[in-house]
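Accompanying notes for the structure given below.
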Amino acid sequence: MKVEEYVMTNNDQMEAVLAKAQTLSEALPYIQKFNGAKIVVKYGGSAMLDDNLKFNVIRDVALLKLIGMKPIVVHGGGKEISTILKKFGKESEFINGLRVTDEETLDVAEMVLSKVNKSLVAMMTSLGLKAVGISGKDAGLLKVKQKLADGKDIGYVGEVTESNSELLDTLIEHDFIPVIAPIGIGEEDNHGYNINADDCACAIATAVSAEKLVFLTDIEGVFVDPSDKRTLISEMDIHEAQEFIDKGVVGGGMMPKLQNCIEAMKNGVSRVHILDGRVEHCLLLEFFTEKGIGTAILKEALF
């Protein structure tokens with residue numbers, strides 16, 4: 001190797017090391033601020049279907065835990081449920097984004113969600129963490145009533161009426177990471193009910209008074225113009241989020257997410273983040289860098 005090439009290689013390596021050091025230094029105030037904070041991560045979408053992305057998400061959750069935060073993971077599994085139902089010759093039916101859930105569909109949903117739940121727990125265990133997989137049925141964590149879609153009966157679909165944090169508080173106190181499947185227990189019939197995973201995450205975040213609630217999705221965040229990726233909104237307050245809904249600026253799957261964000265913050269959650277779960281280390285980039293990569297929704301405007 002020529003001297004000039006050697007010097008250039010060394011310079012490139014030094015710049016890379018300095019960039020990493022700068023990132024770590026930038027993260028310090030955020031680590032200090034959120035030490036001991038409860039963080040609810042709703043994990044779903046395409047990031048659950050890619051093994052590499054799945055491992056990166058769980059590794060990021062592990063890092064949050066190891067630097068002093070108290071993460072709670074709420075996971076979905078809708079795409080896997082649809083796949084298994086199809087193998088059984090049963091087509092999935094949705095009304096207003098909610099899965100029509102008869103007894104057979106509920107059985108499949110519980111089976112699939114249990115498998116997903118335990119695979120996430122196993123992944124955390126492999127990283128040296130203590131994790132426990134539960135559902136909303138356990139210790140009456142999530143009690144529900146039947147949820148209707150435009151007044152229509154869609155079966156065993158639950159709307160959370162009560163969330164009991166006692167089990168979660170006990171697990172967190174003993175250094176465990178709760179991993180929660182979105183199945184609740186009927187307040188009147190004690191039957192199992194499928195719960196929308198976003199609704200489940202909001203109920204859990206409210207129950208534990210989480211500092212942060214994070215939705216990992218298949219979109220980059222909230223846009224002024226969804227067709228123009230340059231219009232991503234890095235931060236907005238709860239009032240701006242409500243204006244977006246009232247004016248019909250957002251549609252599709254983003255509107256119920258924004259509604260969930262607003263409801264969670266009205267009930268005590270400090271901050272909500274909407275992130276693209278397909279981006280590697282999205283949690284770390286959003287939490288520990290000045291710019292972040294998704295949309296953060298705050299209770300009040302910073303300025």
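From a predicted model like this one, the values you see are computed outputs, not experimental measurements.
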Legend entry - Atom NZ of Lys118: over 12 foreign heavy atoms under 6.0 Å: yes

Inset, instruction - On the 0 to 90° scale, with breaks at 30° and 60°, tag the Tyr156-His191 ring pair as parallel, tilted or perpendicular. - result: parallel

Legend entry - Atom pair NE2/OG of His75 and Ser119 - distance to nearest 0.5 Å: 7.5 Å

Inset, instruction - Could you check if a side-chain atom of Tyr43 sits within less than 4.5 angstrom of a side-chain atom of Lys54, using non-hydrogen atoms only? - result: yes

Legend entry - Nearest heavy atoms of Ser82 and Ser92, plus distance in Å: OG-OG, 3.4 Å

Inset, instruction - Please round to the nearest 0.5 Å and tell me the distance separating atom CD of Glu159 and atom CG of Leu142. - result: 12.5 Å

Inset, instruction - Under the side-chain contact (heavy atoms from CB on, under 4.5 Å) rule, what do Val157 and Asn196 come out as? Steps first, then yes or no, please. - result: CA-CA 8 Å; Val157 177; Asn196 175 275; over 6 Å; no

Inset, instruction - State plainly whether one hydrophobic cluster holds both Val108 and Phe94, where clusters connect Ile, Leu, Val, Met, Phe, Trp and Tyr through side-chain heavy atoms under 4.5 angstrom apart. - result: no

Inset, instruction - For atom CD of Glu103, decide whether the heavy atoms of other residues, nucleotides or ligands shown that lie under 6.0 angstrom number more than 12. - result: yes

Legend entry - Nearest heavy-atom neighbours spanning Ile195 and Ile183: CD1-C, 3.9 Å

Inset, instruction - Give the intermediate values and the outcome of side-chain contact (heavy atoms from CB on, under 4.5 Å) for residues Ile185 and Lys143. - result: CA-CA 5 Å; Ile185 188 81; Lys143 292 184 179 180; 4.0 Å; yes

Legend entry - Considering all heavy atoms, the nearest Ile180-Gly136 contact: CG2-N, 4.5 Å

Legend entry - Flag side-chain contact, heavy atom, 4.5 Å: Asp169 against Glu173: no

Legend entry - Heavy-atom check, side chain of Asp276 versus side chain of Cys282, under 4.5 Å: no

Legend entry - Linked, directly or transitively: Ile172 and Ile58 (ILVMFWY side chains, under 4.5 Å): yes

Legend entry - Flag, side chain of Thr101 to backbone of Arg99, donor-acceptor distance under 3.5 Å: yes

Inset, instruction - Give the minimum heavy-atom separation between Leu216 and Gly277, together with the two atoms involved. - result: CB-CA, 4.2 Å

Legend entry - Residue pair Lys130 / Asp175: nearest heavy atoms and the distance that separates them: CE-O, 3.7 Å

Inset, instruction - To the nearest 0.5 angstrom, please state how far the CD atom of Glu263 sits from the CD1 atom of Ile238. - result: 9.0 Å

Inset, instruction - Decide yes or no for Phe287 and His273: does some side-chain heavy atom of the first lie under 4.5 Å from some side-chain heavy atom of the second? - result: yes

Legend entry - Reported CG-to-OG1 distance for the pair Leu120 and Thr125, which is rounded to 0.5 angstrom: 10.5 Å

Legend entry - Close side-chain approach of Ser135 to Asn117, heavy-atom, < 4.5 Å: no

Inset, instruction - Evaluate the side-chain contact (heavy atoms from CB on, under 4.5 Å) criterion for residues Leu285 and Leu275: first the C-alpha distance (whole Å), next the side-chain angles of each, then the deciding distance (0.1 Å), finally the verdict. - result: CA-CA 10 Å; Leu285 290 168; Leu275 306 179; over 6 Å; no

Legend entry - Heavy-atom closest pair, residues Leu168 and Pro178: CD2-CB, 3.8 Å

Inset, instruction - Using the salt bridge (charged side-chain N to carboxylate O under 4.0 Å, His left out) rule, take Glu286 and Lys212 through it: C-alpha gap first, then chi angles, then the decisive distance, then the call. - result: CA-CA 12 Å; Glu286 177 68 9; Lys212 289 176 178 285; over 6 Å; no

Legend entry - Euclidean distance, Lys87 NZ relative to Leu85 CG, rounded to 0.5 Å: 11.5 Å

Legend entry - Flag side-chain contact, heavy atom, 4.5 Å: Ile297 against Glu240: no

Inset, instruction - Answer yes or no: is there a side-chain heavy-atom contact under 4.5 Å between Val40 and Val269? - result: no

Inset, instruction - May I ask whether Phe55 and Val116 are part of the same hydrophobic cluster, defined by side-chain heavy atoms of I, L, V, M, F, W, Y residues being less than 4.5 angstrom apart, directly or through others? - result: yes

Inset, instruction - Give a yes or no answer on whether the side chain of Thr206 reaches the backbone of Cys202 with a donor-acceptor pair at less than 3.5 Å. - result: yes

Inset, instruction - Answer yes if Leu106 and Val112 sit in the same cluster of Ile, Leu, Val, Met, Phe, Trp and Tyr residues linked by side chain heavy atoms under 4.5 Å apart, and no otherwise. - result: yes

Legend entry - Under 3.5 Å donor-acceptor, Thr295 side chain and Val222 backbone: yes

Inset, instruction - Group every Ile, Leu, Val, Met, Phe, Trp and Tyr by side-chain heavy-atom contacts under 4.5 Å, then state whether Val41 and Val121 land in the same group. - result: yes

Legend entry - Pair Thr105-Asp102, side-chain donor/acceptor within less than 3.5 Å: yes

Legend entry - Pairwise distance CD(Glu166) to CG(Leu171) - rounded to 0.5 angstrom: 10.5 Å

Legend entry - Side chains of His281 and Arg59 in contact at under 4.5 Å (non-hydrogen atoms): yes

Legend entry - Test log, rule side-chain contact (heavy atoms from CB on, under 4.5 Å), inputs Asp199 and Lys147: CA-CA 12 Å; Asp199 293 347; Lys147 187 169 187 173; 2.9 Å; yes

Legend entry - Within 6.0 angstrom of Lys115 NZ, more than 12 heavy atoms from elsewhere: no

Inset, instruction - Please lay out, stage by stage, how Gln146 and Asp189 fare under the test side chain to side chain donor-acceptor pair (under 3.5 Å). - result: CA-CA 10 Å; Gln146 186 182 38; Asp189 58 7; over 6 Å; no

